[in-house]
Amino acid sequence: LYNELYEIFYPSKKQKKQLKTTGSQLNIRALFNFISARKAGAKDIPAKIWEAKTTPEVRDYAFMILIDLSGSMQRTDYYNSISPIKESLKALIAVSESLNRLGIKLEIVGFGSIENYDDQGLYRDENEEIITLKSIEDEMTDEIREKLTTVLNADGTTPTTKALKHAKDRMNSIQAANKFITVLTDGAPDYFSDAKEQAEIIESTPDIGLLGLGIGSNTRRIEDLFSHSKGEIKIDELTDVLTELIVELIKNPTSTKTRD
C-alpha cells in the first residue's frame with residue numbers, strides 16, 4: 001500500500017515544462033522547430049516557444065476509521081474461522097503503518113457498549129463507549145500498536161448513531177481538503193432509523209465522505225444505511241478491500257466506492 005500511495009500523495013517535485021505562446025523563458029529547441037516548420041510551408045501553427053513550469057501539489061487528506069466493537073465481531077462460523085475483529089485489526093494495522101509513513105492524517109475509533117448487571121447477575125443497562133485507539137496527533141509507536149492489539153475486545157451492542165455523531169464532530173474540527181469516514185461493522189446498528197438520520201447528516205456535508213463496509217455474511221443491510229457502501233465482504237478479504245478503497249478515494253476524492 002505504501003509504495004502504491006507514495007506517488008499519489010507526494011507527486012514528483014521535479015518541475016514539469018509546458019510550452020505556451022506567451023511567457024518569459026524562451027525554449028530554443030521549440031523556436032528552431034517552429035522556424036523550420038514555417039520554412040517548410042506550414043501555416044497557422046501556434047508559436048508555442050515559451051516555457052511555463054508547474055510543480056505538482058501535495059494532496060491533503062484526513063481519514064477516520066470507525067471499527068465496530070460489538071460482541072458479534074468476535075464470533076466465527078462454519079464459513080469463517082477468522083473473527084471479523086481479528087481481520088479488522090489486521091486491516092487497521094496495515095493501513096495505519098502505510099499512512100503514518102506518508103504523514104497522512106488518520107484516526108481510528110472503536111465503538112461498542114459495556115453491559116451492566118446487578119448483584120444477582122441480571123441485566124441492568126449498558127454504557128455506550130467511544131474509544132479513540134489512534135488519534136490524528138498520534139504517531140504509530142509500539143504503544144499504539146499494542147493498544148490496537150489489546151483494546152479490540154469486542155463486547156456488547158452496536159451504538160452506530162453515537163459513533164457517527166462523534167466522527168462528524170471530530171472531522172469538523174480537523175483541517176484537511178479531503179475528509180473521509182469509513183465504518184467497519186458486521187451488523188445493523190442498535191437503532192437503525194437514528195443511525196440512518198445521522199448518516200444522512202454527514203452525507204449532506206460537502207467536505208466529508210462517508211462509506212460503510214459490511215464484514216462477513218448477512219451484512220447487505222449496510223447498503224440501506226449508507227449511500228456509499230459494500231456489504232458481505234469476505235472476512236479474509238477485508239484488508240485488500242480497505243486498501244483498494246483508500247487508493248480509489250485518493251485517486252478520485254470527489255467520488256466514493258458505491259455498491260455493486
Side-chain angles (χ1 to χ4, degrees), residues 1 4-11 54-68 91-92 95-96 98-100 102-111 128 130 132-138 158-185 188-215 219-231 233 241-260:
L1 176 62
E4 189 170 4
L5 292 180
Y6 185 85
E7 283 300 323
I8 300 174
F9 274 116
Y10 296 102
T54 59
T55 302
E57 295 181 358
V58 175
R59 301 185 182 217
D60 184 20
Y61 291 80
F63 291 92
M64 175 178 285
I65 299 177
L66 298 177
I67 171 70
D68 180 359
L92 291 176
V95 169
S96 298
S98 297
L99 296 188
N100 180 70
L102 292 166
I104 303 305
K105 301 180 182 74
L106 171 66
E107 189 150 305
I108 301 173
V109 175
F111 63 100
E128 294 182 343
I130 303 296
T132 299
L133 304 174
K134 178 194 177 300
S135 73
I136 281 177
E137 292 77 21
D138 290 333
T158 314
T160 308
T161 305
K162 185 173 183 178
L164 289 173
K165 187 178 187 308
H166 169 85
K168 175 179 66 69
D169 293 343
R170 175 65 171 144
M171 290 300 256
N172 282 335
S173 70
I174 294 170
Q175 297 297 319
N178 302 286
K179 306 175 189 179
F180 296 98
I181 300 169
T182 300
V183 182
L184 306 183
T185 182
D190 293 347
Y191 304 99
F192 189 90
S193 60
D194 292 344
K196 178 67 174 177
E197 180 180 354
Q198 191 61 231
E200 289 175 347
I201 292 173
I202 297 175
E203 289 170 348
S204 66
T205 304
D207 63 338
I208 301 178
L210 177 62
L211 306 100
L213 299 181
I215 311 168
T219 58
R220 185 66 70 182
R221 199 182 181 198
I222 195 174
E223 298 178 358
D224 297 323
L225 180 59
F226 303 111
S227 296
H228 305 290
S229 56
K230 182 177 179 61
I233 297 170
V241 171
L242 183 59
T243 53
E244 288 171 5
L245 173 64
I246 290 176
V247 170
E248 178 65 24
L249 291 174
I250 291 165
K251 288 181 177 178
N252 188 4
T254 59
S255 68
T256 53
K257 190 180 183 69
T258 58
R259 72 188 73 174
D260 290 338

Inter-residue atom distance Phe63.CZ - Leu242.CG, 0.5 Å rounding
9.5 Å
Lys168 bridged to Glu200 by N-O distance under 4.0 Å:
no
Here the gap from Asn100 atom CG to Asp138 atom CG, rounded to the nearest 0.5 Å, amounts to 9.5 Å
What residue among Ile233, Ile222, Leu184 forms side-chain contact (heavy atoms from CB on, under 4.5 Å) with Ile215?
Leu184
For the side-chain contact (heavy atoms from CB on, under 4.5 Å) test, which of Ile130, Asp194, Asp190 pairs with Lys162?
Ile130
Only one of Val109, Ile181, Leu106 passes side-chain contact (heavy atoms from CB on, under 4.5 Å) with Ile65; say which it is.
Leu106
In this structure, are over 12 heavy atoms from other groups packed under 6.0 Å from Glu137 atom CD?
yes
Determine, for Asp60 against Lys105, whether the closest basic-nitrogen to carboxylate-oxygen distance falls under 4.0 angstrom.
yes
Hey, what do you get for CZ (Phe226) to OG1 (Thr182), rounding to the nearest 0.5 Å?
10.0 Å
Working for side-chain contact (heavy atoms from CB on, under 4.5 Å), residues Thr160 and Phe111:
CA-CA 7 Å; Thr160 308; Phe111 63 100; 3.7 Å; yes
Would you say the side-chain atoms of Lys134 pair up with the backbone N or O of Ser96, donor to acceptor, closer than 3.5 Å?
no
So CD1 of Ile108 and CD1 of Ile136: to nearest 0.5 Å the spacing works out to 11.0 Å
Any residue meeting salt bridge (charged side-chain N to carboxylate O under 4.0 Å, His left out) with Lys165, in chain and number order, not counting sequence neighbours
Asp169
